[in-house]
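Any value given below was found using the heavy atoms of this structure, including those in side chains, with hydrogens, waters and symmetry copies removed. None of these values were measured; they are calculated from a predicted model.
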Amino acid sequence: MTDARIYEEPKNAMQSGRARTSRWVLEYAPAEAKQPDPLTGWAGSGDTREQVRLMFPDAATAQAYAAREGVSARVITAPVRVLKLQAYADNFR
């Protein structure tokens, strides 16, 4: 079981550009399952590592940090972007 995962931050669905997508994120795996709060019904747990997201400029730096801190991390690569090029005139064919 891995303690953390390292992945490239995906593009936000609300933006058209690719700003801040070259950052790499290290997130820790949850140590315990979330349970509903009896009063409010909100899901939560006592695991504070779940709130930590570390940003790195590249995957090698993130892996070096994980190795230095003794965290076993799995690198998840982003899928290759496939552009669908089309012209406005294609709507009338």
Side-chain angles (χ1 to χ4, degrees):
M1 184 172 125
T2 60
D3 291 332
R5 65 183 180 131
I6 298 171
Y7 62 94
E8 193 171 10
E9 196 168 29
K11 183 178 83 69
N12 186 342
M14 299 301 293
Q15 69 187 26
S16 61
R18 293 191 319 229
R20 293 186 293 197
T21 58
S22 61
R23 295 189 303 185
W24 287 79
V25 179
L26 184 137
E27 279 186 347
Y28 290 98
E32 61 184 53
K34 292 186 177 183
Q35 308 223 343
D37 182 51
L39 182 61
T40 62
W42 293 355
S45 69
D47 182 22
T48 57
R49 291 188 333 161
E50 188 176 320
Q51 301 169 6
V52 177
R53 290 185 70 207
L54 301 174
M55 306 290 181
F56 297 94
D58 55 5
T61 309
Q63 288 175 329
Y65 172 81
R68 185 176 67 237
E69 296 298 321
V71 176
S72 63
R74 181 172 56 115
V75 177
I76 301 170
T77 58
V80 178
R81 291 189 49 188
V82 178
L83 298 177
K84 180 181 174 186
L85 300 176
Q86 63 183 23
Y88 178 68
D90 293 342
N91 293 333
F92 303 104
R93 291 186 183 170

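- Once rounded to the nearest 0.5 Å, the distance linking CD of E8 with OG of S22 reads 7.0 Å.
- Closest approach of D47 and A29 over heavy atoms only: OD2-O, 4.2 Å.
- Under the 4.5 Å side-chain heavy-atom criterion for Ile, Leu, Val, Met, Phe, Trp and Tyr, M55 and I76 are members of the same hydrophobic cluster.
- Note that the CD atom of E27 and the CZ atom of R5 stand 4.5 Å from one another [nearest 0.5 Å].
- The two atoms that bring W24 and D58 nearest to each other are CD1-CA, 3.4 Å, heavy atoms only.
- A pairwise comparison of heavy atoms in T61 and F56 identifies CG2-CD2, 3.8 Å as the closest pair.
- Taken from CG in D90 to CZ in R93, the straight-line distance is 4.5 Å, to the nearest 0.5 Å.
- The line from CD of E50 to NZ of K34 is 4.0 Å long, rounded to the nearest 0.5 Å.
- Within 6.0 Å of CD on E32 lie more than 12 heavy atoms contributed by other residues, nucleotides or ligands.
- When all heavy atoms of L26 and A66 are compared, the pair lying nearest together is CD1-CB, 4.1 Å.
- Closest approach of E9 to V25, counting heavy atoms only: CB-CG2, 4.2 Å.
- The hydrophobic cluster containing V71 does not contain Y7, counting ILVMFWY residues as joined when their side-chain heavy atoms lie under 4.5 angstrom apart, directly or transitively.
- In this structure, CG on L54 lies 9.5 Å from CD on E69, to the nearest 0.5 angstrom.
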